[in-house]
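See below for the structure under consideration.
Every value quoted in this text rests on a predicted model; they were computed, and no experiment measured them.
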Amino acid sequence: MRLETGGRLIDRTRPLRFRFDDRWMTGLAGDTLASALIGQGRILMGRSFKYHRPRGPVAAGLEEPNALVTLGTGARAEPNVRATQTELFQGLRADSQNRWPSLAFDLMAANDLVSRFLPAGFYYKTFIRPRAAWKHLFEPAIRRAAGLGPAPKAADPDRYDQVYAFCDVLVAGGGVAGLAAALAAARTGARVMLFEQAPHWGGRAPVDGGTVAGGDPAGWVAAAVAELAAMPDVTLRTRATVAAVHDHGYVLVEERLTDHLGGGPGPRRRLWRIRAGRVVNACGAFERPLAFPGNDRPGVMLASALRDYVVNWAVAPGPAAVVVTNNDDAYRTALALRRAGISVPVIADARPAADGPLPQAARAAGIRVATGTGIAGTVGRGRVVAVQLCDAGGGGHVTETIPCDAVAMSGGWSPAVHLWSQPGGRLRWDEAGAMFVPDPDHPPTGAAGEPIVTCAGAAAGALRLPDCIASGARAGDPAAAAPPAEAEAEAPLLPVWVMPSGAGPRKRAKMWLDFQNDVKVSDVELAAREGYRSVEHTKRYTTLGMATDQGKLSNVNGLAVLAQALDEAIPRVGTTTFRPPFVPVTIGALAGEARGAVFQPLRRTPLHDWHAAHGAVWEPVGLWRRPYCYPRANESRADAVAREVLNTRRALGLLDASTLGKIVVKGPDAGRFLDMIYTGAMSSLPVGRCRYGLLCNEQGFLIDDGVVARLAEDTWLCHTTSGGADRIHVWMEDWLQTEWWNWRVFTLNLTEQLAQIAVVGPHARKALEALGGMDVSKAALPFMHWAEGTLAGIPARVFRISFSGELSYEVAVPADRGVELWERLVAAGGPLGVMPYGTEALHVMRAEKGFIMIGDETDGTVIPQDLGLGWAISARKPDYLGKRGQMRPALADPDRWRLVGLMTLDGSVIPEGAYAVGAGRNANGQTATEGRVTSTYFSPTLNRGIALGLIRRGPERMGEVLTFAAEGRRVQARIVSPVFHDPEGKAQDV
Amino acid sequence: MSRYSVFAIVREGLRHHTGWPRAWASPEPRARYDAIVVGAGGHGLATAYYLGRNHGITDVAVLEKGWLGGGNTGRNTTIIRSNYLQDPSAAIYEKSRALYETLSQELNYNVMFSPRGVMMLAQTEHEVRGYRRTAAANALQGVETEFIGPRRVKELCPIMNIDGPRYPVLGALWQPRGGTGRHDAVAWGYARACSQMGMHIIENCAVTGITVEGGQVRGVDTTRGPIGCDRLGLVVAGHSSQLADMAGFRLPIESLCLQALVSEPIKPCMDVVVMANTVHGYMSQSDKGEMVIGGGTDGFNNYTQRGSHHHIEETLRALVETFPMLSRLKMLRQWGGIVDMTGDRSPLISKTPVGGIFVNCGWGTGGFKAIPGSGWAMAELMAKGEPGPLAAEFSMFRFREGRFIDESVAAGVAH
Amino acid sequence: MLMLVCPYCGVTAEETEFAPGGEAHLSRVGPDGSDEAFEAYLFARANPKGVHLERWRHAYGCGKWFLAARCTATLEVFGTYPAQSKGPPPAVLDRIADRRGAGAAARVGRGAPDAS
Amino acid sequence: MSDVTVTRATPQGMVTLKLPPGDVAWGPALAALGLSVPAVRRLERAGDRAALWMAPDEVLLLVPDPAAALAALAGPLAGAHHLAADVGAARVVFAVAGPRAREVLAKLCPVDLHPAAFPAGSARRTRAAQVACMLWAEAADDLRLSCFRSVEGYVADLLTLSADPAGSVGLFRA
């Protein structure tokens, strides 16, 4: 119901329409969905996870475990949203979850009837037989019953923003402690960022009362915010939750930008990625429920939550509320209720006496205070209508039944230590407050081993207003003076973990600890009985604290019950680990801007647009896109590849080779260096000449290959594979910087500076001659030579090298003139029948010639000797990277699989990845193999299938026929030379 | 010791479950045992279990520094598969997978093995070739896998975006009998079975030293006193190097942090396990409804169980691109575990330079799926003093000879 | 996520600007070395739970390799220094001794940095 | 009038110069271009030329005519172990200017761009989202980002996204 007066956060002049399930209702601006529903008399907001019991809100903030809804519809529907944090807006639509067919009537609630047979971990003890039943019967049923909200169906249409930020002091929490900390720090000139998860500043203080600087806390809060806002190096944000404090002061904050407006033009949420010099954790504390029978019935709330609903939003479940407590703070709720005109028939206080100022004020207000009293049970279907009182120390004999619409419970408070504990801060048990508090002697530490988190206010265990605000100021600046503050004195609480303390098993099976996951006192005791005695075992066995609130309400109560069951002290039982995030973070915000076009960088060659304009189909090569082939109208890819191969072999082909790595190596020691990096000798390469080179890692395995050209006496140009460009440059620098740092060598990666075009085929020379400017005759530019000059007016370096076996030139020009050269070649090549060809034609042609391809013939386990590339290894060199590795027994083994050509007897193409079937089986019963296919293609040139493969002692077994197995078939193929086409190399010798 | 069954549940339900016995005993350590296994994680407990079951050795203590199953067994993403490329890997992972099929019945403890199927997406031509090769190898290894096309992928996992645009799904390596299990239950089930054989599982008992005389192990020093033995198995993923150091030798291992996370629970939307190597992430949905997500490891040595957050962001970026519906879900919890990385990313089940000491470690990011097979092979090694065929190739001395079992060839993604 | 100081740039940058490179101060074993020595060089790692000397490259910055002394159990960084060093410089060793005791410093001390 | 503009700068001539740290040739070489040697992570500008500190053994020269610059360098570098090369075609430069310039870059680069931490004349190699980049401040609200030519489109898309007024953050307000 909505109270006639009050409500500090609502605007009674601005009604808002919203829909919950199929009913339209009206709330007020400033409401949360939860307060609006309570205002409409709706307490039932959800169903529990396991037993599907009716659930109402138990809290009023981010710790809420029960009131979870699906917010929004269609592609913008978001499951598991806390109604207690959801700001109401015009037209809001929310749906209840985890119920069928309806929230009020949920058939799954049948689980509740048999709940005594579904204790913690029951599923470990049954569903064991018959074997197949788990997957096909039991598990599907459990999966259907489990889960909370529905899975989103469509792609998220919203955008998410991320920003990096840096500050000296980051304050988490905009209550009075956080504000005092931020003020104190900012006044020292520090760069300060202050984040508050709620839409408004001040935290609990404006609700709880007391005075700051002689006035209402709200007044001081407003002044503090105003002062901070005026400072240039202070950043203030509400609706921004500090989700995680990671190592070395890396802080994640999720800011809600448009949710409260029901959407907007900009990003929906922003993930702040902040490096903070230090963090002040002022996130407050969570009130603890009391574990009494029936404490999960809708209408039973935390005392502070009911206080919030009445004071902030002027709503309450009904005209009468009973308060049950073990401390003085809950009396504030009783007084607030009374002030709001809600009757409080009784305050049940478990303590033998309650004589502090607050209890006295309650009595003075005419409220009955029953000390030594607890609750034996609650009455009501779907919502509480009465409570049964009992002796707090007894077995639960009902002394009195009192009608009420709500129960405000308080079991004391637990500081929100998450941001302290996430990066490794330790806790100590505070006996007086019966709570875990940060242990200042064991703080989380940063890069220099310095403390990086300080806790302030309630998060540090300073629960009373004066201590709270003072510890805040100290945390901001040890020298700062705190504003004077006053609040009523409070008598110590009496730890109460089970109410009544003498309750028997039947009652203990009705005392909820984890409301969402339906974990009860009896479950924790069962876990202890069965030997799941570590707090982690108990958590995992019962699922205590594993709900979406991650145990904010249940953990301490649960481990206290466990400690009692084990007859251990609570600190000896310890806590479970606090893991990020503090509250769940939207995955979209973590993924950030990287969607669609900017999901990953896409590298374009200087000729990319030309390829696109001429119908290239692409192949990803690392982050590059390279033309796979250029299909013509109604031409298949395979046909296009065949055409490109044949045309290149018969006339003229152009290949964009710009992605190949081009690394300059220069200096007095460059030759000596390259002799170590490559298996072959590069220092002996004459200027003007090219040589094919292999690179191995220290293991001896082949990692890259390419043509090396000696540009000058002290300068070499090393070509690498496309994938190798960066990798090999880093590899070279690694050795130069960390091993041979006295060698005088510079390297420079020029890959992006140069466009490189392969001009290939019988007419290649004619094409270049047509451009004019350089003599590319056989005499002037023999095979494996290079020359520098000008082609078509473009400064160019021309390498006469070939990966196809054809007459072939690779022309390198500045990247910004690549298109110009390409188009000139296309024009000049027109009469010569020029066609561009793609990577697949390149692969086919090199395979026809038996040239290996890094990544096909190699896979990180292959050495050059396996590939018949011994000729590229200098025998004279005493050392090169990989030489020692290749000397090890397994790599020198004559039985290694080595490269051969393979031709199927029927001319077909061997399936990719096929293995050569050997004789018999190995010790593990696996079919023996004696080789595998590494490359397999249809060769347009030979008009049949060809393949390269690695076969045990392959080169010694020419002519043998082997059986290959893949895709359920067997294929017979003969071992042949890997050079299928033009073995004499006539084509390029012109 | 009572058997678990629906009848036992009903019986206990009628007396408020007051009659359940301890799942495993917590005895005081004796002065010596025939064999000691250090590490009460899945691998250690499975080793002990098969020592008793297969080799009749039940005078065994399993020493655990913290709480049973608290290492990587309790913090992994529970994927079970055996679609490995190399023969030795395929052999031990398939043995393991096969043992999982009947583990609940064997242990009388529901470990919830769920062969829902595992697919590894091929999103580049290179991956297509790689997974076709694996499928060909698996067929000869007796591992049931097939390479399936994009349409089939979409049928099996409707929430997936197979159209890219950046990395359209070109196919997948599909293992229908791969799946998931309940990680804690595996440790608890083995512990209960070991305890029923009279073995001693001793928690909160850290090994502080290893006694070696004349190159032969004599026992261990622990925080609960010295304990003698002639056979010592070190099965302590994440701390293998520390234990080896106590015994005076080094291992080819580096300890890295691997992270995982779960979303808030949602209603069932994904019935298979999906691994995507190119974009580096993998995901399944737990019986609770959480999307269970993992990615790659940090590149630097780390014992903190707290990884670097950018890996989480990279993994989620990748998965949101492949599963656009993920974007509006929330990350509920993230955590890290310390994994042993060997020189070839394959495990060690091996004799050591010290007589009587055996190591079982180096499972990298894929240990959970191997638990039963690893225990089976390790038990054989400890019982006979020599490796059987399953363990033969996993000697720690293979690196000296250059005999690698390199799986990065096919699967680079963590699992 | 780590913050490291590149000793060349002098810049304090987050981990994503750097690339890790494994254990530092390994001395290469070439063709003359034994199988055991070569195995130790490539595979046998100290992998300590404590002070670790390791290689990092300022991949997105100056591109230079440098070395760091870092605690693998707390992630505390005791200092970074140029890769052209045979061991940690005195300042780093002092910091390690100061934070982890002389024993820890002695374990990782490998003589003076290379001047050349 | 927008509070930030992102423009693809006209092609910029660039020369990479590498010399051993502290080599005597550093001064004369840069003097030959009318420049002085930039301090660590600094930009040295003289009219239409500038020198950017890249590494202890490397500067990036921004020059109108790379060929002429290389010729001018030849003398001072003679006999010195060095590497000098035209790299102008390898990179593109974006100018990000206006009051929001720093905030736009802060969305992409893990760098403290507070005017006090990155004043005019600062230069820094870092990361823009997933690619390497070079950042420098010509003036307080005139920043430049240079990346490799192959990822120009990626970086342009990112900058456009970051500059979207609807995504304004409000950092670095004076």
Side-chain angles (χ1 to χ4, degrees), chain A residues 78-80 116-117 119 122-128 131 135 139 142-143 146-152 155-156 246-247 505 526 529-531 534 536-537 540 548 579-580 584-588 590-591 594 599-600 619-620 859-861 888-891 912-915 923-924 926-927 929 966, chain B residues 4 6 9-10 13 16-17 20 22-24 67 70 87 91 104-105 109-110 114-115 124-125 129 132-133 136-137 140-142 166 184-185 264-269 287-289 306 309 313 316-317 320-321 324-335 389 401-404 406 408-409:
Chain A
E78 179 185 10
N80 308 340
R116 73 183 307 172
F117 302 115
F122 74 96
Y123 31 70
Y124 298 123
K125 297 173 179 156
T126 180
F127 306 143
I128 295 174
R131 184 155 74 84
K135 166 151 188 269
E139 186 182 41
I142 287 176
R143 283 171 82 83
L148 288 171
D156 187 345
H246 290 289
D247 292 294
L526 173 62
R529 188 176 308 128
E530 292 195 79
S534 150
E536 282 285 353
H537 286 149
R540 290 153 179 265
T548 58
R579 294 287 190 181
V585 178
T586 306
I587 284 172
L590 292 165
F599 164 58
Q600 265 185 8
E619 176 177 16
D859 63 2
T861 67
R888 289 172 298 171
L891 285 76
E912 275 178 343
Y915 274 77
N924 286 313
Q926 300 166 315
T927 303
T929 55
Chain B
Y4 290 158
V6 66
I9 296 248
V10 172
H16 306 289
H17 302 279
W20 291 113
R22 296 273 294 269
W24 60 86
W67 46 281
D87 286 353
S104 295
Q105 296 70 36
Y109 199 103
N110 189 354
S114 173
T124 66
E125 292 294 341
R129 287 194 288 273
R132 284 190 186 281
R133 175 184 168 188
L140 298 168
Q141 293 155 342
R166 188 58 194 271
D184 292 322
E264 291 182 341
I266 52 172
K267 289 297 177 186
C269 63
D287 287 344
K288 247 184 124 226
R306 298 190 305 268
H309 186 263
E313 291 186 11
L316 289 178
R317 250 189 248 140
V320 166
E321 194 69 5
M325 49 77 68
L326 273 183
S327 176
R328 269 184 123 78
L329 300 185
K330 297 187 225 64
M331 175 174 79
L332 177 61
R333 183 178 176 89
Q334 71 177 82
W335 65 91
E401 299 152 18
R403 232 172 271 290
F404 301 105
D406 192 333
S408 58
V409 171

* Structure fact -> When the 4.5 angstrom heavy-atom criterion is applied to B:Tyr109 and chain A, the contacting part is both
* What are the two closest heavy atoms between B:Lys267 and A:Ala146, and how far apart are they? -> NZ-O, 2.7 Å
* Which value, rounded to the nearest 0.5 Å, describes the distance between B:His17 atom NE2 and A:Glu530 atom CD? -> 9.5 Å
* Asked: Any side-chain heavy atom of A:Glu78 within less than 4.5 Å of one from B:Lys330?
  -> yes
* Asked: Pick from A:Glu536, A:Arg888, A:Lys125: which one has the most heavy-atom pairs with chain B under 4.5 Å?
  -> A:Lys125
* Structure fact -> Minimal heavy-atom distance between A:Ile128 and B:Gln105, with the atoms involved, is O-NE2, 2.7 Å
* Asked: Is it the backbone or the side chain of A:Ala914 that comes under 4.5 Å from a heavy atom of chain B, or both, or neither?
  -> backbone
* Quick one: CZ on B:Arg166 to CZ on A:Phe599, what's the gap to the nearest 0.5 Å? -> 7.5 Å
* **Any side-chain heavy-atom pair of A:Pro79 and B:Glu264 under 4.5 Å** => no
* Donor-acceptor contact present, side-chain A:Gln926 to main-chain B:Asp87, <3.5 Å -> yes
* Asked: So how far is it from B:Arg328 CZ to A:Ile587 CD1, rounded to the nearest 0.5 Å?
  -> 12.5 Å
* Gap separating the CE atom of B:Met331 from the OG1 atom of A:Thr586, nearest 0.5 angstrom -> 10.0 Å
* Find out whether B:His16 and A:Arg116 are in side-chain contact, i.e. whether some heavy atom of one side chain is under 4.5 Å from a heavy atom of the other. => yes
* Pick from A:Ser534, A:Pro119, A:Pro584: which one has the most heavy-atom pairs with chain B under 4.5 Å? -> A:Pro584
* To do: State, to 0.1 Å, how close B:Gly402 and A:Leu891 come at their nearest heavy-atom pair, and which atoms those are.
  => O-CD1, 3.5 Å
* **Least distance between heavy atoms, A:Ala966 atom then B:Ala136 atom** => CB-CB, 4.0 Å
* Separation between CD1 of B:Ile266 and CG of A:Asn80, rounded to the nearest 0.5 Å -> 8.0 Å
* ring pair (Phe, Tyr, Trp, His ring centres under 6.0 Å) involving A:Tyr915 - partner list, sequence neighbours excluded -> none
* Of the backbone (N, CA, C, O) and the side chain (C-beta and beyond), which part of A:Glu139 lies under 4.5 Å from a heavy atom of chain B, both, or neither? -> side chain
* Asked: Which of the residues A:Ala591, A:Ala594, A:Pro505, A:Pro620 is involved in the greatest number of heavy-atom pairs with chain B at under 4.5 angstrom?
  -> A:Ala591
* Quick one: ring pair (Phe, Tyr, Trp, His ring centres under 6.0 Å) partners of A:Tyr123, sequence neighbours excluded? -> none
* **Mutual orientation of the aromatic rings belonging to A:His246 and B:His309 [parallel < 30°, tilted 30-60°, perpendicular > 60°]** => tilted
* Identify which of B:Glu321, B:Met325, B:Glu125 forms the greatest number of heavy-atom pairs closer than 4.5 Å to chain A. => B:Glu321
* Given the options B:Gly289, B:Cys269, B:Gly142, B:Pro268, which has more heavy-atom pairs under 4.5 Å with chain A than any of the others? -> B:Pro268
* To do: Measure the shortest side-chain to side-chain distance between B:Phe404 and A:Thr861 over non-hydrogen atoms and say whether it is less than 4.5 angstrom.
  => no
* To do: Determine the option with the most heavy-atom pairs under 4.5 angstrom with chain A, choosing from B:Arg129, B:Gln334, B:Arg403.
  => B:Gln334
* Which of the residues A:Ala923, A:Pro889, A:Pro150 is involved in the greatest number of heavy-atom pairs with chain B at under 4.5 angstrom? -> A:Pro889
* Measure across B:Val6 and A:Thr126 and return the closest heavy-atom pair with its distance rounded to 0.1 Å. => CB-OG1, 3.7 Å
* Structure fact -> When the 4.5 angstrom heavy-atom criterion is applied to A:Leu590 and chain B, the contacting part is both
* Contact summary for A:Arg540 and B:Asp184, nearest pair of heavy atoms -> NH1-OD1, 2.8 Å
